[in-house]
Every structure is written in C-alpha cells, then in structure tokens.
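Just so it is clear, the structure is predicted and the values come from calculations on it, not from any experiment.
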Amino acid sequence: MADPVGSTVTVDFAGEYFPVSPGGRFIVGREGDLAIDDNLFLHRHFLEVSNTDGMWWLGNIGTRLTATVTDVTGGVQAWLAPGARLPLVFAVTTIVFTAGPTTYELTIHATQPTFRPTRREFDGDGQSTIGDVPLTLTQKQLLLALAEPLLRRDGTGMSAIPSSAAAAARLGWTVTRFNRKLDNVCEKFERVGVPGMRGGTRSFATNRRARLVEHVIASRLVTKDDLVLLDSQPDADDDAE
C-alpha cells in the first residue's frame, strides 16, 4: 500500500525533530543529516530514510551494525541487518541500535501511516512473557540492571550499557552469579528466535548484552515503571534460577 501524496515523516532524536519531505533522503550516522555522535564504532552513514516506490523506507546502509525496529507498542519487532530495508508503515516507529559501548534510540513519526497496530493485551498474573518465555523476578532484575541507563533517560537519545561487573554490583550479586543468570536469560530468548543471544569471546559477550538491551527496550519487556523491582527481594525458589 502506497503512502498518500504529501505524506511526511519526522525523525526524533534527543528532543530534536528532523522532518523529511516526500522524495527526500535522510541519512543517520556519525555524519549525515543527523550526525548522532562522534563514536568511532558508529558508521559514517548507517541508516537511511527514503521515499521510493510510493512508500517510506528505513534502510541499513552500513556494513556491520544492526538495528532493532519496532512499532510503538513493541508488539511488532524486526532486526534490520546491513543491506536490508523495511517499510515505515506505523504512526511511530522506534529504532534501537548499539555501536561499541553506547546504545542509541530514535523514533520516526509518520503523518499518514498505512498500518495501525491493534492494542496488546496483558494478563494480570504479574509474570512477564515474550512469546512462551516466562521471566522470574531475578531475571527481570538482571534485564533492568542492564537497561537502567536507557530507562532513566527521558525520551530518545544515547546511553552506555553497563558492564557485567557494574550490573552485578548494582544488584549486589557476584559477577559469577550475574553471568550464570545472563546465560539462562539469553538461552530462553534464543529458543524463541531472538538473534544475537550467543556469547563466546569477550567482544561477542559485549555484543550479547547490547543485543539483549535492544530487544527488551524495543519490545517494552521492561519499562521505567519496572525500575522499582531492582530493590525487590526474590523468594528462595526464584533466586535458585
């Protein structure tokens, strides 16, 4: 379905708004129309917003980095790999990506979206799920400790992802305990098809934490309101996970 004539999109990053007119091309990266940061891990030209074939598109024109793309509810999520592109069909599209130690979040607003998501329903038993993946309190605390800098930030922008040692210290855990629980959480997400959950070398382990944060932020699995859980005490059965 094509966008109506006159449809525009606006890129929102850290409180700055960049309108893109039909037929335009907008580049996001270390340089471009939106020069996000001088982070050398970030591509000079990474994301492209363009209007072709009668539709708005988000393309990954980088060579190494990926981005997590989701609708405003987190109910629809895609992994945008280098060379790929996705149509911008939602009223609000959220993009989360990581370059080196920093995670970035921006949103794209469409004036005339071609798709409107249905409202998500949540059960009331207090247990969070993604697909068939239940999370215990300590597993959610782990996610919150990693995502806390992003969640405490107001609006879009950039944040550093804590190291395993820093996140463990935030929770009062040993690094060994933190890594064991991290392995368990990543294994659960990997089983339902979330990419990037495998560890390995130190660099891969860093990428795994970043990918995990991208996923839980984009899917709204954890929100700012959940931060109070960081100080909650799990019961014995939960802590044994």
Visitor: Give me the atom names and distance for the closest heavy-atom approach of Pro113 to Ala110.
Guide: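 Looks like CD-O, 3.7 Å.
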Visitor: Judged by modelled atom types alone, do Thr176 and Thr174 share a side-chain donor-acceptor pair under 3.5 Å?
Guide: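 Thr174 and Thr176 do not have a side-chain donor-acceptor pair below 3.5 Å.
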Visitor: What is the distance from atom CZ of Phe178 to atom OG of Ser163, rounded to the nearest 0.5 Å?
Guide: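 The OG atom of Ser163 is 8.5 Å from CZ of Phe178, to the nearest 0.5 Å.
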Visitor: If you look at every heavy atom in Ala145 and Pro149, which pair is closest and at what distance?
Guide: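 Looking at all heavy atoms of both residues, the closest pair is O-CD, 4.3 Å.
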Visitor: Do you see a donor-acceptor pair shorter than 3.5 Å between the side chains of Gln139 and Lys188?
Guide: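 Distance-only check passes for Gln139 and Lys188.
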Visitor: Applying side-chain contact (heavy atoms from CB on, under 4.5 Å), run through Arg211 and Val194 and close with a yes or a no.
Guide: CA-CA 9 Å; Arg211 176 63 189 131; Val194 178; 4.1 Å; yes
Visitor: Leu142 and Val192: same hydrophobic cluster, using ILVMFWY side-chain contacts below 4.5 Å?
Guide: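 Same cluster: Leu142 reaches Val192 through Ile, Leu, Val, Met, Phe, Trp or Tyr contacts under 4.5 Å.
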Visitor: Quick one, Val28 with Ile36, criterion side-chain contact (heavy atoms from CB on, under 4.5 Å). Give me CA distance, side-chain angles, the key distance, then yes/no.
Guide: CA-CA 7 Å; Val28 178; Ile36 283 186; 3.4 Å; yes
Visitor: For the backbone of Val228 and the side chain of Asp231, can you confirm whether one donor and one acceptor N or O come within less than 3.5 Å of each other?
Guide: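 Flag not set: sc Asp231 to bb Val228 has no pair under 3.5 Å.
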Visitor: Can you check whether Ser219 reaches Thr70 side chain to side chain, under 4.5 Å on heavy atoms?
Guide: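 Answer no - side chains too far apart.
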Visitor: Rounded to the nearest 0.5 Å, what separation is found between the CG atom of Asp226 and the CG atom of Leu151?
Guide: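 Those atoms lie 8.0 Å apart.
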Visitor: With ring centroids as reference points, do Phe46 and Phe97 lie under 6.0 angstrom apart?
Guide: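 Yes, the ring of Phe46 comes within the 6.0 Å limit of the ring of Phe97, centre to centre.
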Visitor: Within this structure, what is the CZ-CG distance for the pair Phe13 and Leu106, rounded to the nearest 0.5 Å?
Guide: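 Here the rounded value is 7.0 Å.
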Visitor: Are side-chain heavy atoms of Ser232 and Gln141 found at a separation under 4.5 Å?
Guide: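 Heavy-atom side-chain distance check passes, below 4.5 Å.
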Visitor: Any side-chain heavy-atom pair from Pro19 and Thr10 closer than 4.5 angstrom?
Guide: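 Yes. Closest side-chain heavy atoms under 4.5 Å.
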Visitor: Write down the atom of Leu80, the atom of Gly59, and the distance for their closest heavy-atom approach.
Guide: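 Scanning both residues completely, I find the closest heavy atoms to be CD2-C, 4.1 Å.
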Visitor: Backbone N or O of Ala14 within a donor-acceptor pair of the Thr156 side chain at under 3.5 Å?
Guide: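 Present.
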Visitor: List the residues meeting salt bridge (charged side-chain N to carboxylate O under 4.0 Å, His left out) with Arg170, not counting sequence neighbours, and say none if there are none.
Guide: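 Here the qualifying residues are Glu148.
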Visitor: Could you report the tightest heavy-atom contact between Val222 and Ala147, atom names first, then the distance?
Guide: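 The answer is CG2-CB, 4.3 Å.
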Visitor: With the 4.5 Å side-chain cut-off for hydrophobic clustering, are Leu137 and Leu230 part of the same group?
Guide: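 Same hydrophobic cluster.
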Visitor: Between Arg30 and Asp38, is the closest basic N to carboxylate O distance under 4.0 Å?
Guide: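 No, this pair does not count.
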Visitor: Honestly curious: do Leu171 and Leu229 fall in one hydrophobic cluster under the side-chain, below-4.5 Å linking rule?
Guide: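 They do share one cluster, since a chain of ILVMFWY contacts under 4.5 Å joins Leu171 to Leu229.
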Visitor: Rounded to the nearest 0.5 Å, what separation is found between the CH2 atom of Trp79 and the NE2 atom of His215?
Guide: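 Reported value, rounded in 0.5 Å steps: 12.0 Å.
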Visitor: For Glu214 and Thr68, test the side chains for any donor-to-acceptor distance below 3.5 angstrom and give the result as yes or no.
Guide: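 The criterion, which ignores hydrogens and geometry beyond distance, is satisfied for Thr68 and Glu214.
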Visitor: Would you say the side-chain atoms of Asn60 pair up with the backbone N or O of Leu65, donor to acceptor, closer than 3.5 Å?
Guide: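 Confirmed, Asn60 side chain pairs with Leu65 backbone.
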Visitor: Is there a donor in the side chain of Glu105 and an acceptor in the side chain of Thr94, or the other way round, less than 3.5 Å apart?
Guide: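 No pair is found: no donor N or O on one side chain lies under 3.5 Å from an acceptor on the other.
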Visitor: Decide yes or no on side-chain contact (heavy atoms from CB on, under 4.5 Å) for Glu187 and Met197, but give the supporting numbers first.
Guide: CA-CA 7 Å; Glu187 182 181 347; Met197 293 293 105; over 6 Å; no
Visitor: Is there a side-chain contact between Leu212 and Leu143 (heavy atoms, below 4.5 Å)?
Guide: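 They are in contact (side-chain heavy atoms under 4.5 Å apart), so the answer is yes.
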Visitor: Arg220 side chain to Val72 main-chain N or O, any donor-acceptor pair under 3.5 Å?
Guide: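 Yes, Arg220 side chain to Val72 backbone: donor-acceptor pair under 3.5 Å.
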Visitor: Whether the side chain of Asp71 engages the backbone of Val76 through a donor-acceptor N/O pair (distance < 3.5 Å, no angle test) should be reported.
Guide: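 Yes; at least one donor-acceptor contact below 3.5 Å.
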Visitor: When you measure from the side chain of Arg25 to the backbone N and O of Gly23, does any donor-acceptor pair fall under 3.5 Å?
Guide: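 Answer holds: no.
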Visitor: Where do Val96 and Ala218 come nearest, in terms of heavy atoms and distance?
Guide: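 Answer, listing the atom of Val96 first, then Ala218: CG2-CB, 4.4 Å.
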Visitor: Rounded to the nearest 0.5 Å, what separates atom CG in Asn51 from atom CZ in Phe26?
Guide: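 Atom-to-atom, Asn51:CG and Phe26:CZ are 14.5 Å apart.
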Visitor: Tell me whether Asp53 is salt-bridged to Arg85, with the criterion being a basic N under 4.0 Å from an acidic carboxylate O.
Guide: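 Yes, this pair counts.
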Visitor: Is there a path of hydrophobic side-chain contacts, each under 4.5 Å between heavy atoms of I, L, V, M, F, W or Y residues, that connects Leu88 with Ile61?
Guide: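 Hydrophobic grouping puts Leu88 apart from Ile61.
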Visitor: With the side chain counted from C-beta on, respond yes when Tyr104 and Ser159 share a heavy-atom pair under 4.5 Å apart, and no when they do not.
Guide: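 No; the side chains remain at least 4.5 Å from each other.
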Visitor: Treating Glu190 as the side-chain partner and Gly196 as the backbone partner, does any N or O pair qualify as donor plus acceptor under 3.5 Å?
Guide: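 Judged by distance alone, no pair lies under 3.5 Å.
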Visitor: Within the distance-only criterion (no hydrogens, no angle test), does the side chain of Asp33 pair as donor or acceptor with the backbone N or O of Ile27 below 3.5 angstrom?
Guide: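 At least one qualifying donor-acceptor pair exists.
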Visitor: Hey, are Arg208 and Asp183 close enough for a salt bridge, meaning a charged N less than 4.0 Å from a carboxylate O?
Guide: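 So Arg208 pairs with Asp183 through a salt bridge.
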Visitor: Quick one: closest heavy-atom pair of Trp56 and Val20, and the distance?
Guide: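 Looking at all heavy atoms of both residues, the shortest contact is CH2-O, 3.4 Å.
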Visitor: Under the 3.5 angstrom rule, does the side chain of Arg209 hit a backbone N or O of Leu146 as a donor-acceptor pair?
Guide: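 Checking the backbone N and O of Leu146 against the side chain of Arg209, no donor-acceptor pair under 3.5 Å is found.
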Visitor: For a quick check under 3.5 Å, do His109 and Thr107 share a side-chain donor-acceptor pair by atom type?
Guide: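 On atom types as modelled, these side chains qualify, holding a pair under 3.5 Å.
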Visitor: Taking side chain to side chain donor-acceptor pair (under 3.5 Å) as the definition, give me every residue that meets it alongside His43, ordered by chain and number, with sequence neighbours left out.
Guide: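 Not a single residue meets the side chain to side chain donor-acceptor pair (under 3.5 Å) criterion with His43.
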Visitor: Can a donor-acceptor pair be found between the side chains of Thr98 and Thr103 at a distance below 3.5 Å?
Guide: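 Yes, side-chain donor-acceptor contact under 3.5 Å.
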Visitor: Within a strict 4.5 Å, meaning less than it, do heavy atoms of the Phe18 and Val49 side chains meet?
Guide: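 No, side chains not in contact.
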Visitor: First locate atom CD1 of Ile95, then atom CG of Leu86, and finally report the distance between them rounded to the nearest 0.5 Å.
Guide: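 Rounded to the nearest 0.5 Å, the CD1-CG separation comes to 9.5 Å.
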Visitor: Is the backbone N or O of His45 less than 3.5 Å from a side-chain atom of Glu31, with the two atoms forming a donor-acceptor pair by type?
Guide: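 Flag not set: sc Glu31 to bb His45 has no pair under 3.5 Å.
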Visitor: Decide yes or no for Asp12 and Ile108: does some side-chain heavy atom of the first lie under 4.5 Å from some side-chain heavy atom of the second?
Guide: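 Answer no - side chains too far apart.
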Visitor: Could you tell me whether the side chains of Ser50 and Trp57 share a donor-acceptor contact shorter than 3.5 Å?
Guide: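 There is no such pair (donor and acceptor under 3.5 Å, judged by atom type) between the side chains of Ser50 and Trp57.
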Visitor: So, do Gln77 and Val69 sit near enough that their side-chain heavy atoms are less than 4.5 Å apart?
Guide: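 They are not in side-chain contact.
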